[in-house]
2 protein chains.
Amino acid sequence: MSAIRVAVDVVILAIREGKLQVLLVKRRYAPFQGRWAIPGGFVKEEESLESAAQRELEEETGVRDVYLEQLYSFGDPGRDPRGRIVSVCYFALLSSGDIAPKAGTDAADAGWFAAFQPPPLAFDHARILDYALLRLRYKLEWTTAGFQLLPKKFTLTDIQKVYEAVLNKRLDKRNFRRKLALLDVLEPLHEYRSEGAQRPARLHRFSAKKFELLKDKGILFPF
Amino acid sequence: MSAIRVAVDVVILAIREGKLQVLLVKRRYAPFQGRWAIPGGFVKEEESLESAAQRELEEETGVRDVYLEQLYSFGDPGRDPRGRIVSVCYFALLSSGDIAPKAGTDAADAGWFAAFQPPPLAFDHARILDYALLRLRYKLEWTTAGFQLLPKKFTLTDIQKVYEAVLNKRLDKRNFRRKLALLDVLEPLHEYRSEGAQRPARLHRFSAKKFELLKDKGILFPF
DNA sequence: CCAAAAGTGTTAGGAGTACACCCATGG
DNA sequence: CCATGGGTGTACTCCTAACACTTTTGG
């Protein structure tokens, strides 16, 4: 019987203040006491890996029904000085509308950080975060996962800013909108959002039935 | 302390007789006694996940230095009636030149099967195989992983047959070759292979230094 | 009327696809 | 000389990328 323990870690990402940010928790105990870390915990005997990830996510953010995807499993001996721990890592994409609920929990030792300039992280968490960011960039270019980072109603500029924040580069407005239109997954609403002394922007929503069709075209990744 | 055990399973794939085949082992004991299964075993306390996968691979095939990539971790409670087992799955691509060594080991209860029409499999192994095949198809279209399925020297028709076997469709010879040329990863050799009463085909080899450049272009997947 | 973001088309280059014939060899 | 797989080019379509101005609003 092996003494290997199984944990899940969840890289929780959201767009805040126009930037891609990651939710980290401060470690209360050794090892790496006081360091920031990706939230996670041990898998319980009777729960699935995905349930464990969802549970961790909900404990940290108070949020359910969030985009969650398995990333990679890290299990080198020595990655955790407490013993042999295999960590099945997930990443979660929060819509900016879902972020508020979190504040209620244990805000003192949890915080949002710029995902591309994180503080020093505990264990091998820097590597995990790097891989999550890499995967997110790929997903954004080849799937419609980017909409998970937005609230239900959003403007075309909102979604463009998501892409710019994650891909870390400027995009051309006209080309971006043409590509969006080609995807045919947005439903323009008869609502507009006024943001100050400018022309109000039209709100759109992601259309789930068109989304399903993309799967058939093979545009979406399975996991 | 959790009683979860950690295993690795390795989906071993190769092109044989022009078809994509998978190496399966026959289970000696219950549960699923006599059923075919994806080879795997428990991770030892002191070895990394990848070492464990390599070890399993070598035990089954006698082969080292093979393309090996982590696929996904499966860990639903109940997936194994013997208890809670989390399986970190890998897939391995064997070059057709590497297949011969295998025969020496325990051939009686191991065999190659058409990957797209496998026999009934033990546990949730059908799902694992499906996912491996899906991943392989994506990799083939977006990376140069297909060359792992060939020996060092091969003809352009050889590589086309690999693509046709994995993607399960016919490809146009001229278009395929043009795309290959664009990738610029092949080095034509001054050697030819005669296959009978036809014009001999020129041999090529995969050029590793050009391969590295693809990484920079983002064409290759990181894992 | 001014500042600020919203919204909108055209063109040129590159990649993908469809398609058919001659070449070199062994028997 | 013939059967067999090896090898090659062109035309069309579609996607991508570069690029600038008018519209609408609040102040």
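Remember, predicted model here, so these are calculated numbers, not experimental data. Computed from heavy atoms alone, side chains included, the values below leave out hydrogens, waters and symmetry copies. Just so we're on the same page: letters track the sequence lines, and every chain starts at 1.
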- Query: For A:Arg27, which residues count as a salt bridge (Lys or Arg N to Asp or Glu O under 4.0 Å) partner, sequence neighbours excluded?
  - Reply: none
- With B:Arg202, which residues qualify under salt bridge (Lys or Arg N to Asp or Glu O under 4.0 Å), at least two apart?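 Listed in chain order: nothing, the list is empty.
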- Under the ring-ring contact (aromatic ring centres under 6.0 Å, His included) test, residues paired with A:Phe147 that sit two or more places apart: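 So A:Phe147 forms a ring-ring contact (aromatic ring centres under 6.0 Å, His included) with A:Phe154, A:Phe206.
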- Scan residues 175-204 of chain A for pairs that pass ring-ring contact (aromatic ring centres under 6.0 Å, His included), counting only residues two or more places apart or in two chains.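 ring-ring contact (aromatic ring centres under 6.0 Å, His included) check on residues 175-204 of chain A returns A:Tyr163-A:Phe176.
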- Query: Which residue pairs pass the side chain to side chain donor-acceptor pair (under 3.5 Å) test when at least one of the two sits in residues 117-126 of chain A, sequence neighbours left out?
  - Reply: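 Listed by first then second residue: A:Arg79-A:Asp124.
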- Message: From CG of A:Asp158 over to P of C:dG7, roughly how many Å is that when rounded to an integer?
- Response: 11 Å
- Between P of C:dT8 and CG of A:Leu182, the distance in whole Å: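 Atom CG in A:Leu182 sits about 15 Å away from atom P in C:dT8.
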- Query: Considering residues at least two apart in sequence or located in another chain, which fulfil the side chain to side chain donor-acceptor pair (under 3.5 Å) criterion with B:Ser95?
  - Reply: none
- Partner set under side chain to side chain donor-acceptor pair (under 3.5 Å) for A:Glu50, not counting sequence neighbours: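 Listed in chain order: nothing, the list is empty.
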- Item | Any residue of residues 189-199 of chain A with a heavy atom less than 4.0 Å from an atom of DNA chain D |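 By residue number: A:Gly196, A:Ala197, A:Gln198, A:Arg199.
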- Item | Qualifying salt bridge (charged side-chain N to carboxylate O under 4.0 Å, His left out) pairs, either residue in residues 173-182 of chain A, two or more places apart |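 Every pair satisfying salt bridge (charged side-chain N to carboxylate O under 4.0 Å, His left out) with a residue in residues 173-182 of chain A: there are none.
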- Message: If the condition is side chain to side chain contact (heavy atoms under 4.5 Å, CB included), which residues does A:Arg193 pass it with, not counting sequence neighbours?
- Response: A:Thr155, A:Asp158, A:Glu195, A:Leu203
- Query: Which of residues 169-179 of chain A have a heavy atom under 4.0 Å from DNA chain C?
  - Reply: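 DNA chain C contact set from residues 169-179 of chain A: A:Lys173, A:Arg174, A:Arg177, A:Arg178.
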- Which part of the nucleic acid does B:Thr155 contact within heavy-atom distance under 4.0 Å: base, sugar-phosphate only, or nothing? nothing
- Item | Contact interval (first through last nucleotide) of DNA chain D with protein chain B, 4.0 Å heavy-atom |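 Span of nucleotides near chain B: D:dA3 to D:dT10.
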- Message: Measuring only between side-chain heavy atoms, which start at C-beta, is B:Trp36 closer than 4.5 Å to B:Pro118?
- Response: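 A side-chain contact under 4.5 Å is absent here.
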